[in-house]
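Nothing fancy with the numbering, it's 1 onward along the sequence. Here the structure is a predicted model, which is why all the values come from computation and not from measurement.
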Amino acid sequence: MKTLLSGMRPTGQLHIGHYFGVIQNWVRLASDPKINCFFMVADWHSLTTKYDSAGSIGADSLEVVKDYLACGVDPERATIFLQSAVPAIAELHIILSMITPNSWPEGDPTLKDLVRARSDGALSYGMLGYPVLQSADILAFQAELVPVGKDQEAHLEMSRDLARRFNHLYKSPHFPEPKALFTETPSLAGLDGGKMSKSFDNDIKIASDAQETIKRVLQMITDPERQRRNDPGDVSRCVVPYPYYQLLASAEITAQVKEECESAKRGCFDCKKQLAEILNAKLASFRSKRAELSDQKVLDILRAGNAQANQVAGENLRKVKALIGLCSV
């Protein structure tokens with residue numbers, strides 16, 4: 001059986017880009033009896049950019065788990081846990097940091113993006129070590145598979161480098177080199193055509209109600225060259241709605257949208273209104289299930305997941321310490 005590790009930072013409720021880009025893939029992977037899945041709420045990682053509003057991370061963590069569960073992640077098939085509840089990750093991070101050359105995290109191409117996300121725009125010690133901590137997340141469970149987006153590929157490469165470096169230094173094939181599993185679903189653009197993000201207020205939350213979803217969809221940027229209702233459109237210029245149709249709608253509906261847009265039989269408002277209906281229909285069951293989840297239910301699932309994660313990561317850490325030669329008392 002192969003072990004898989006993935007997770008998301010609790011920076012607020014998740015949006016539909018998280019579902020289509022990540023969670024639906026998690027659900028599929030967790031259904032494979034040959035894969036042992038660990039899905040993490042990466043609350044320590046949130047502190048790299050959200051250190052000055054840390055009071056909300058606990059509540060946000062519960063919201064993220066509710067989104068996991070509502071979208072179909074089954075705690076009977078996967079271990080859902082809180083990063084900060086597994087101290088073995090932090091200990092392994094310290095150990096890995098001792099064998100990591102400075103040039104490795106300094107060369108991380110995502111570092112500038114992380115700095116921009118901080119309110120003070122400063123590079124902190126913890127932020128510099130973000131990819132080392134992420135490596136510790138993965139290697140603590142000796143994970144062989146890691147579902148990631150393309151923007152996380154550099155971090156995963158460091159995990160492989162650190163696995164090789166540790167194995168070489170301590171003359172043991174202890175850590176497997178994790179393999180990236182890239183999602184086949186293209187990234188969903190935000191309402192403005194940029195990267196979907198809560199920070200940019202251009203997202204649609206999984207937990208939003210139907211009316212809020214309609215309101216958000218109607219804000220989507222369409223074909224910038226189509227000035228009037230009776231102007232023929234061009235779906236290749238459609239910034240947001242048409243790619244959503246290609247992901248969410250049937251081939252017949254998508255073909256109809258294309259034909260009616262390019263012949264000016266429908267306007268952009270009508271296009272977005274129909275898309276909102278399709279999206280709300282897709283999310284209805286998630287929202288219904290989410291409304292039934294109490295904080296106590298989520299805490300019970302996390303406690304069970306934390307216990308399982310601590311057992312696995314703790315045993316691995318003991319082996320790591322033995323390989324290094326640290327004193328065991």
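Of all the heavy atoms in Pro241 and Ile221, the pair that sits closest is CD-O, 3.3 Å. Closest approach of Arg165 and Pro101 over heavy atoms only: NE-CD, 4.1 Å.
Ion pair Asp201/Arg216 flagged as a salt bridge, since at least one NZ, NE, NH1 or NH2 atom sits closer than 4.0 Å to an Asp/Glu carboxylate oxygen. At a threshold of 4.0 Å, the pair Asp295-Lys66 counts as salt-bridged, since one of the basic side-chain nitrogens sits closer than that to a carboxylate oxygen. Salt-bridge check for Lys265 with Glu260: failed, with every basic side-chain N at 4.0 Å or more from each acidic carboxylate O. Between Lys273 and Glu277, no side-chain nitrogen of the basic residue sits less than 4.0 Å from a carboxylate oxygen of the acidic one, so the salt-bridge criterion is not met. A salt bridge does not link Glu212 with Lys205: none of the charged nitrogens is closer than 4.0 Å to a carboxylate oxygen. The pair Asp234-Arg237 counts as a salt bridge, with a side-chain nitrogen and a carboxylate oxygen less than 4.0 angstrom apart. A salt bridge is absent between Asp209 and Arg287; no separation between the charged side-chain nitrogens and carboxylate oxygens falls under 4.0 Å. By the 4.0 Å N-to-carboxylate-O rule, Lys297 lies too far from Asp300 to be salt-bridged with it. Residues Lys198 and Asp203 are not paired through a salt bridge, judged by the lack of any N-O separation under 4.0 Å between the basic side chain and the carboxylate.
Proximity of Gln13 to Ile206: side-chain heavy atoms (C-beta onward) are nowhere separated by under 4.5 Å.
Ring-centre distance between Phe286 and Tyr19: below the 6.0 Å cut-off. Ring pair Phe141/Phe81: centre-to-centre distance below 6.0 Å.
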